Peer 1: 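Shown below is the structure under consideration.
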Amino acid sequence: MSLLEDKTPKRTPISELGEFGLIEHLTKNISIQNASTIKGVGDDCAVIDSGDSFSLVTTDMLVEGVHFDLTYTPLKHLGYKSVVVNLSDIYAMNGVAKQITVSIALSNRFPLEAVEELYEGIHLACKNYNVDLIGGDTTSSTSGLCISITAIGEASKEDVAYRSGAKEHDLIVVSGDLGSAYLGLQILNREKQVFEANPSMQPELGNKDYILQRQLKPEARKDVVELLKSKTIVPSSMIDVSDGLSSEILHLCKNSNVGCAIYEDKLPIDFSAISTAEELNLNAATCALNGGEDYELLFTISQEHYENIKNDPNLTVIGHITDQSSGTVFVTKDDNHQPLTAQGWNSIS
Ligand code: ADP
Ligand code: MG
């Protein structure tokens with residue numbers, strides 16, 4: 001062995017790849033072996049052929065200190081949210097959620113009553129969304145609380161919506177409103193800092209009910225899947241807004257090999273989010289584009305469906321699909337055309 005040979009094993013920081021780069025790196029050589037695997041890695045759910053229909057499977061993990069802060073997150077809300085974020089991925093395939101499994105790692109600072117509270121939220125979400133809790137795993141953790149949930153759902157073969165089906169000229173539609181969950185988080189963090197500096201201070205949460213609820217107790221849009229079904233609309237593509245509108249639109253466009261134009265003046269933003277953004281000196285449109293955790297559905301539909309959705313208070317057309325060479329464009333209120341990026345902070349704030 002040469003003295004010059006470098007025996008130090010290579011150590012590439014994961015931050016060099018980022019979350020999506022890492023997933024891509026770890027999964028790029030997977031070859032599907034079973035004919036029943038219709039879709040593997042790369043969408044909101046895996047899709048499995050189960051005969052007459054497709055089964056949908058998705059999993060998400062929530063880690064204390066990364067995804068939630070127990071200083072201001074009630075455990076019941078946390079249990080509820082842990083289920084909802086998983087169900088959201090089932091609805092993002094235009095499917096119906098049926099079962100979940102729940103795995104938890106607990107540190108010894110949790111008494112039984114705390115775990116019971118967490119499960120109250122889990123059971124409530126199962127009841128509200130008509131989902132059965134069918135199993136899981138329980139273990140200990142040397143650091144914080146960890147919750148991993150797998151959701152299983154069903155979609156008919158004709159109805160399933162992937163990230164990859166958007167076509168040029170399709171309309172881009174989003175449910176509900178955007179940016180509120182992020183602004184709710186900013187308020188919670190602000191009040192936490194105030195409290196840490198002066199524990200006798202009372203939190204100033206007046207008029208913030210809606211945005212706090214969007215952060216602490218989000219809902220998944222089961223109703224939107226039902227609404228589309230009642231209108232006999234099958235989206236050409238769909239994704240849920242967990243990381244932020246920009247990031248999700250870029251996923252849709254990349255997977256569908258298309259471009260898009262999104263209009264700032266069309267973004268649905270609740271008035272309480274707008275006033276909170278002003279109060280915090282943030283740009284509300286930037287919060288809507290990059291905030292994340294809204295758990296709304298973002299989808300594309302053929303233009304022929306416009307008349308059928310245009311007056312629905314749950315749905316907003318925010319732009320349209322273009323050809324890939326036109327790029328992914330954000331059109332500001334003053335008609336400035338900017339490239340849509342997953343970190344739009346620098347461009348419009
Ligand atoms: P979502 O935000 O909808 O939950 P993610 O961005 O977490 O989706 O994941 C993107 C895709 O990568 C999904 O298909 C997911 O199943 C897959 N994935 C994520 N992490 C891993 C992993 N460690 N190994 C294999 N596949 C993964
Ligand atoms: Mg998703």
Side-chain angles (χ1 to χ4, degrees), residues 12 14-34 36-49 54-63 66-68 81-97 100-103 105 125 129 131 146-153 155 160-166 172-176 178 181-182 218-222 224-225 235 237-256 289-300 342-343:
T12 310
I14 284 177
S15 55
E16 254 177 41
L17 299 103
E19 181 191 341
F20 298 129
L22 176 64
I23 296 173
E24 159 91 23
H25 183 78
L26 296 175
T27 59
K28 62 178 182 242
N29 293 327
I30 293 176
S31 61
I32 298 298
Q33 318 216 30
N34 295 292
S36 55
T37 307
I38 303 297
K39 176 80 197 171
V41 171
D43 217 302
D44 294 287
C45 290
V47 179
I48 300 164
D49 194 339
F54 284 149
S55 295
L56 306 169
V57 182
T58 179
T59 196
D60 255 306
M61 183 152 62
L62 298 184
V63 176
V66 179
H67 299 100
F68 58 88
K81 180 170 176 174
S82 313
V83 176
V84 161
V85 302
N86 276 278
L87 303 185
S88 180
D89 278 320
I90 301 274
Y91 303 130
M93 305 299 293
N94 206 23
V96 182
I100 57 164
T101 64
V102 178
S103 300
Y129 289 89
V131 163
C146 206
I147 309 165
S148 175
I149 295 188
T150 296
I152 300 162
V160 70
Y162 297 97
R163 295 178 179 182
S164 55
I172 302 172
V173 185
V174 72
S175 64
L178 300 170
Y182 174 80
E219 301 290 352
R221 299 309 303 257
K222 177 177 192 255
V224 171
V225 171
S237 70
M238 183 142 73
I239 189 168
D240 70 326
V241 183
S242 48
D243 292 337
L245 180 69
S246 300
S247 169
E248 314 301 359
I249 294 239
L250 293 174
H251 283 314
L252 279 192
C253 289
K254 187 172 172 220
N255 282 280
S256 301
L289 282 174
N290 297 295
E293 294 203 288
D294 295 307
Y295 300 105
E296 294 296 342
L297 293 176
L298 172 71
F299 55 93
T300 54
Q343 300 83 27

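Excluded from the calculations below are hydrogen atoms, water molecules and symmetry mates; all remaining heavy atoms, backbone and side chain alike, are included. Order of appearance sets the numbers: ligands from 1, and atoms from 1 within every ligand. Note that this is a predicted model, so its numbers are computed, not measured.
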Peer 1: What protein heavy atom lies closest to atom 8 (O) of ligand 1? Include the residue and the distance to one decimal.
Peer 2: R163 NH2, 4.0 Å

Peer 1: So, for A155 and G95, which heavy atoms are closest and what is the spacing to 0.1 Å?
Peer 2: CB-CA, 4.0 Å

Peer 1: Can a protein heavy atom be found under 4.0 Å away from atom 22 (C) of ligand 1?
Peer 2: no

Peer 1: For the 3.5 Å polar cut-off, considering only N or O atoms, please tell me whether T27 and ligand 1 meet it.
Peer 2: no

Peer 1: Would a 4.5 Å heavy-atom cut-off, applied to side chains only, mark V241 and Y295 as touching?
Peer 2: no

Peer 1: Of all the atoms in ligand 1, which lie at a distance below 4.0 Å from a heavy atom belonging to D89?
Peer 2: 3 (O), 4 (O)

Peer 1: For atom 14 (O) of ligand 1, grab the closest protein heavy atom and report residue, atom and distance to one decimal in Å.
Peer 2: G42 N, 2.8 Å

Peer 1: Quick one: nearest non-hydrogen protein atom to atom 12 (O) of ligand 1, plus distance?
Peer 2: I23 CG2, 3.4 Å

Peer 1: Just to confirm my output: which protein heavy-atom neighbour is closest to atom 26 (N) of ligand 1, and how far is it?
Peer 2: V41 CG2, 3.6 Å

Peer 1: To the nearest 0.1 Å, how far is atom 6 (O) of ligand 1 from its closest protein heavy atom, and which atom is that?
Peer 2: F20 CE2, 3.5 Å

Peer 1: Looking only at heavy atoms, what is the nearest atom pair of L297 and R221, with distance?
Peer 2: CD1-O, 3.7 Å

Peer 1: Do any heavy atoms of K39 fall under 4.0 Å from ligand 1?
Peer 2: no

Peer 1: Tell me, please, which residues at least two apart from S55 pass side chain to side chain donor-acceptor pair (under 3.5 Å).
Peer 2: S50

Peer 1: Under the 4.0 Å line, does any protein heavy atom show up next to atom 17 (C) of ligand 1?
Peer 2: yes

Peer 1: Does ligand 1 come near enough to D240 that some N or O of the ligand is less than 3.5 Å from an N or O of the residue?
Peer 2: no

Peer 1: Return the closest protein heavy atom for atom 2 (O) of ligand 1 as residue, atom name and distance.
Peer 2: S242 OG, 3.6 Å

Peer 1: Sorted by chain and residue number, which protein N/O/S atoms are under 2.8 Å from the Mg ion (ligand 2)?
Peer 2: D44 OD1, D89 OD1, D240 OD1

Peer 1: Give a yes/no on ligand 1: does L26 have at least one heavy atom closer than 4.0 angstrom to it?
Peer 2: no

Peer 1: Write out the residue and atom name of the closest protein heavy atom to atom 13 (C) of ligand 1, then the distance separating them to 0.1 Å.
Peer 2: D43 O, 3.4 Å

Peer 1: Distance to 0.1 Å, residue and atom name: give those for the protein heavy atom nearest to atom 7 (O) of ligand 1.
Peer 2: E19 OE2, 4.0 Å

